[in-house]
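These numbers come from the heavy atoms of this one structure, side chains and all, not from hydrogens, waters or symmetry mates. Note that the structure is a prediction, hence the values are computed from the model and not measured.
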Amino acid sequence: MNSAPPHTRRRLAWLDALRGLASMVVVFEHALQPLWPEARAPIKAVFDPGWYGVLVFFLVSGYIVPASLERRGSVRAFWISRFFRLWPLFTVCVAGMALLAAVGWDSLHTWWDSRPAALALAHAGMLQNLLYAPNLANVLWTLSYEMAFYLLLTAMFTLGVHRRSTATALAFAASAVLGAGLLPVTLLSAGGAGRMLTVVVVVTAVLAAGLAAVLRGGRRVRQVGAVVIAGTILLLLAVNQSYPGPWQGLFILATMFAGTALYRVETGQIGHGHIAWVALIPVAGLWLARAESGVQVAIAAAWLTFAAGVALRHRTMPSWLTWLGLVSYSIYLLHPLLLESVEFFLPDATAVPLAVRLTLLAAVYATLLGLCALTWRWVEMPAQRLGRRLISRAEPRAEPGLERAASA
């Protein structure tokens, strides 16, 4: 990451700043239950910090990740980059949560006892949330939507329709508005361990075959593989009943493609008139969340925050905030391990004085940031360097400067 040219790092600092802010807000959301449970419902009724944080993340991903694929022009390089950006630290997080489950600190140990193969395979593909498998860490559900986005990007790029970001965003938003209450959302939610394993194996095999066709086949085979990938992901989105729910999943994809459309506007690929169409995406979200005012405020705040980031993108960002963005993937994945441990040792937070709990919250933040500095140094950065070396061998024209902006 630090090998990116200085002008590239400065140009992308506003994205790091947004990610740093979002990661801190998500940690606060998840710290409420174990450390300040009496405030959780009142806060979320007014402003849902979790939704705010993840929507900012999704907008950033939508804005910059497609640029990484398109500027290289190589699906193979894109997936090498994604693998070494996401999976090493993801593995650390899953291993940590599995350890907590094994020692009884986390309730998911019952799933390991009854459905270990399905759970392991679903997480290996990062699609566990779309396969109705429980997330080993509560934050991992968002990575399933990231993975769905990457697979759809791959399919669209292969089919040559990747620049239709605005239309795609509107299509997902319209699907959420028009069909959220009509989707057959029970297809993957019923059945026992055998059915879950069958679904996970079949979906994984189909997606693997589609991706292999895109990476290695001739023109016609690549197109067929792209259609298989897109069709499978759209089916999973249509029948998904996992958290956060049917319309939320479709709205998340609409949000990510809206971020891509805004990137295309800024780079002159499409006209500024598309901004008016993109503005319909948060409007759709506000309508879909009409029964939850806290979520509505979070949606509006996330879009306003991203708009502020775009407006200030040429300004110098605070170094501490860009550093938080640099380690934001570690912050996002590792904080559940600390909070699960706190909850185990503090089963009744309300019995402890608030001042003590707030001090403990500060200690959690401090410990987390120290841990993230280590995982960035010893896990994330070496993995990304290895990924860049592999890309440079396979794709000499790759542009590693974009890697620092690729969202977790």
Checklist outcome for this item: The salt bridge (Lys or Arg N to Asp or Glu O under 4.0 Å) partners of Arg264 (sequence neighbours excluded) come to Glu70
Checklist outcome for this item: In this structure, CG of Leu321 is separated from CG of Leu18 (nearest 0.5 Å) by 8.0 Å
Item to check | Atom pair CZ/CD1 of Phe57 and Ile252 - distance to nearest 0.5 Å | outcome: 13.5 Å
Side chain to side chain donor-acceptor pair (under 3.5 Å) with [X]: which residues, sequence neighbours excluded?
| X | value |
| --- | --- |
| Thr166 | His274 |
| Thr375 | Ser330 |
| Thr267 | Gln269 |
| Ser319 | none |

Item to check | Any donor-acceptor pair under 3.5 Å from Arg222 side chain to Leu215 backbone | outcome: no
Checklist entry - Would you say Tyr132's side chain and Met196's backbone share a donor-acceptor pair under 3.5 angstrom? => result no
Item to check | Between Thr305 and Tyr52, a side-chain donor and acceptor under 3.5 Å | outcome: yes
Item to check | Residue pair Arg19 / Ser23, side-chain donor-acceptor N/O under 3.5 Å | outcome: no
Report all side-chain donor-acceptor pairs from residues 255-263 shorter than 3.5 Å, counting only partners two or more places apart or in another chain.
| from | atom 1 | to | atom 2 | distance (Å) |
| --- | --- | --- | --- | --- |
| Thr255 | OG1 | Phe251 | O | 2.9 |
| Thr260 | OG1 | Gly62 | O | 2.6 |
| Thr260 | OG1 | Met256 | O | 3.2 |
| Tyr263 | OH | Arg71 | NE | 3.4 |
| Tyr263 | OH | Arg71 | NH2 | 3.3 |

Under 3.5 Å, sequence neighbours excluded: what are the donor-acceptor pairs made by side chains of residues 204-213?
| from | atom 1 | to | atom 2 | distance (Å) |
| --- | --- | --- | --- | --- |
| Thr204 | OG1 | Val200 | O | 2.7 |

Does any part of the side chain of [Y], heavy atoms only, come nearer than 4.5 Å to the side chain of [X], both counted from C-beta?
| X | Y | answer |
| --- | --- | --- |
| Val26 | His335 | yes |
| Leu237 | Tyr145 | yes |
| Leu130 | Met147 | no |
| Ile80 | Arg388 | no |
| Val56 | Leu21 | no |

Ignoring hydrogens and angles, write down the donor-acceptor pairs under 3.5 Å from the side chains of residues 289-297, residues two or more places apart or on other chains.
| from | atom 1 | to | atom 2 | distance (Å) |
| --- | --- | --- | --- | --- |
| Arg290 | NH1 | Trp287 | O | 2.8 |
| Ser293 | OG | Ala45 | O | 3.0 |
| Gln296 | NE2 | Leu286 | O | 2.7 |

Checklist entry - For residues 293-322, which residue pairs qualify under ring-ring contact (aromatic ring centres under 6.0 Å, His included), counting only residues two or more places apart or in two chains? => result Trp14-Phe306, Tyr63-Phe306
Next on the checklist: Tell me which pairs pass salt bridge (Lys or Arg N to Asp or Glu O under 4.0 Å) where either residue lies in residues 123-132, with sequence neighbours left out.
Outcome noted: none
Which atom pairs, donor and acceptor, lie under 3.5 Å between side-chain atoms of residues 35-44 and protein residues at least two apart or in another chain?
| from | atom 1 | to | atom 2 | distance (Å) |
| --- | --- | --- | --- | --- |
| Glu38 | OE1 | Arg357 | NH1 | 3.1 |
| Glu38 | OE2 | Arg357 | NH1 | 3.1 |
| Glu38 | OE2 | Arg357 | NH2 | 3.0 |
| Lys44 | NZ | Glu29 | OE1 | 3.4 |
| Lys44 | NZ | Glu29 | OE2 | 3.1 |
| Lys44 | NZ | Asp48 | OD1 | 3.1 |
| Lys44 | NZ | Asp48 | OD2 | 2.9 |

Checklist entry - With sequence neighbours excluded, what pairs up with Leu304 under the side-chain contact (heavy atoms from CB on, under 4.5 Å) test? => result none
